[in-house]
Amino acid sequence: MDKSNLLAFSTAFIYIILCCLIKLISFEGSWGGFLIFLLAIPFSFLSIIISKYTGGETLFILLNSFWWYFLVKILYLFKK
């Protein structure tokens, strides 16, 4: 596996793990969802619109994990 693929996959996986941990912790009100939203700004604005009408919170987390994957890949390409 290429180093950039491993780093990008790891970043997306860490985002998913953090989201799962936030969901397991019981926050008062909507603080948990707000923290998940903050972890992927600025892409969260687009993914919240898409997921609101099509798939809900699971789709929101998956779209944001794809954001982290491709963001790391793009940053790695600019590094070279």
TODO: Report yes if some heavy atom in the side chain of Y76 is under 4.5 Å from a heavy atom in the side chain of K3; otherwise report no.
DONE: yes
Task: Gap separating the CG atom of L35 from the NZ atom of K23, nearest 0.5 angstrom - done: 10.5 Å
Open item on the list: Return the CG to OG1 distance between L75 and T11, rounded to the nearest 0.5 Å.
Closed with: 9.5 Å
Task: Pairs satisfying salt bridge (charged side-chain N to carboxylate O under 4.0 Å, His left out), at least one member in residues 36-48, at least two apart - done: none
Open item on the list: Is any side-chain heavy atom of L7 closer than 4.5 Å to one of K73?
Closed with: no
Task: Hydrophobic cluster membership, I61 vs I14, 4.5 Å side-chain cutoff - done: yes
Task: ILVMFWY cluster, I22 and F37 together (side-chain gap under 4.5 Å) - done: yes
Open item on the list: Closer than 3.5 angstrom, by distance alone: can the side chain of W67 be matched with the main-chain N or O of S47 as a donor-acceptor pair?
Closed with: no
Task: Atom of S4, atom of D2 and distance for their closest heavy-atom approach - done: OG-OD2, 3.0 Å
- [ ] With the side chain counted from C-beta on, respond yes when S44 and N64 share a heavy-atom pair under 4.5 Å apart, and no when they do not.
- [x] yes
TODO: Mind listing the closest non-hydrogen atom pair of A12 and S65 along with its distance?
DONE: CB-O, 3.3 Å
- [ ] Answer yes if F45 and I36 sit in the same cluster of Ile, Leu, Val, Met, Phe, Trp and Tyr residues linked by side chain heavy atoms under 4.5 Å apart, and no otherwise.
- [x] yes
TODO: Spell out, yes or no, whether L62 and F13 are grouped together once hydrophobic residues are joined by side-chain heavy atoms under 4.5 Å, including indirect joins.
DONE: no
TODO: Please check if V72 and F70 belong to a single hydrophobic cluster, counting links between Ile, Leu, Val, Met, Phe, Trp and Tyr side chain heavy atoms closer than 4.5 Å.
DONE: no
Task: Distance-minimising heavy-atom pair for L39 and Y15 - done: CB-CE1, 3.5 Å
Open item on the list: As an exercise, state the distance from OG of S10 to CH2 of W68, rounded to the nearest 0.5 Å.
Closed with: 13.5 Å
Open item on the list: Please find the pair of heavy atoms, one from F43 and one from L63, that lie closest to each other, and give the distance.
Closed with: CE2-O, 3.4 Å
TODO: Mark yes when over 12 heavy atoms from residues, nucleotides or ligands other than F66 sit less than 6.0 Å from its CZ; otherwise mark no.
DONE: no
